[in-house]
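Hydrogens, waters and symmetry mates play no part in the numbers below; they use all other heavy atoms, side chains included.
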Amino acid sequence: MDKKHFMCTHTWNSEEARLKLIASSESMTDRKFFESLRTEKAECLQHWMGSNEFFFCHWLAESEDAIFEALEANGMNEVILTLPYETPRYVSAESINDEPMASPW
């Protein structure tokens, strides 16, 4: 099955969950982070987090369920709520190819 691009909005299940996850990931490297969120059906490609209650990830996955399965494999579904949104149009200034952009309609 072909993989598609997804943007996910995440938020914490609770303040306790946020503190627990932040503490457990203090020494995690970026490489380990992305390796931990890679399965045969889904992989996290980018991650944005500030100090507010929402954070965001860019995924390449077969489906929304594949994202939830990858998160579940790390126990993440117990500490965060996730809203995946399929994004057929994915363009990046880091990979310009001068081809027509995909239409999401």
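With a 6.0 Å radius and a threshold of 12 heavy atoms from other residues, nucleotides or ligands, Lys20 has its NZ atom at or below the threshold. Atom CZ of Arg89 sits in a crowded spot, with more than 12 heavy atoms from other residues, nucleotides or ligands closer than 6.0 Å. For Lys4, the NZ atom sits in a packed shell: over 12 heavy atoms of surrounding residues, nucleotides or ligands are nearer than 6.0 Å.
Looking at Phe33 and Cys44, their side chains come closer than 4.5 Å, going by heavy atoms from C-beta outward. Proximity of Met7 to His58: side-chain heavy atoms (C-beta onward) are separated by under 4.5 Å at one or more points. Put simply, the side chain of Trp59 reaches to within 4.5 Å of the side chain of Leu71, judged on heavy atoms. Between Glu43 and Leu37, the closest side-chain pair of non-hydrogen atoms is not below 4.5 Å.
Atom OG of residue Ser27 and atom NZ of residue Lys32 lie 10.5 Å apart, to the nearest 0.5 angstrom. In this structure, the separation between CD on Glu62 and CZ on Phe6 is 10.0 Å, given to the nearest 0.5 Å. Rounded to the nearest 0.5 angstrom, Glu72 CD and Thr39 OG1 are separated by 12.5 Å. Remark: Ser92 OG to Asn97 CG distance equals 10.5 Å, nearest 0.5 Å. Remark: Ile80 CD1 to Asn13 CG distance equals 8.0 Å, nearest 0.5 Å. Annotation: the span from Ile22 atom CD1 to Trp12 atom CH2 amounts to 4.5 Å, rounded to 0.5 Å.
The two residues Ala42 and Ile67 make their nearest non-hydrogen contact at CB-N, 4.1 Å.
The hydrophobic cluster containing Tyr85 does not contain Phe55, counting ILVMFWY residues as joined when their side-chain heavy atoms lie under 4.5 angstrom apart, directly or transitively. Both Leu21 and Phe34 belong to a single network of hydrophobic side chains, linked directly or stepwise wherever heavy atoms of I, L, V, M, F, W or Y lie under 4.5 Å apart. Residues Met76 and Met49 share a single hydrophobic cluster, defined by chaining ILVMFWY side chains whose heavy atoms lie under 4.5 Å apart.
Taking a cutoff of 4.0 Å between a charged side-chain nitrogen and a carboxylate oxygen, Glu15 and Arg18 qualify as a salt bridge.
Classification of the His5-Tyr90 ring pair by plane angle, with boundaries at 30° and 60°, yields parallel.
Side-chain N or O atoms of Thr11 include one that pairs as donor or acceptor with a backbone N or O of Glu53 at under 3.5 Å.
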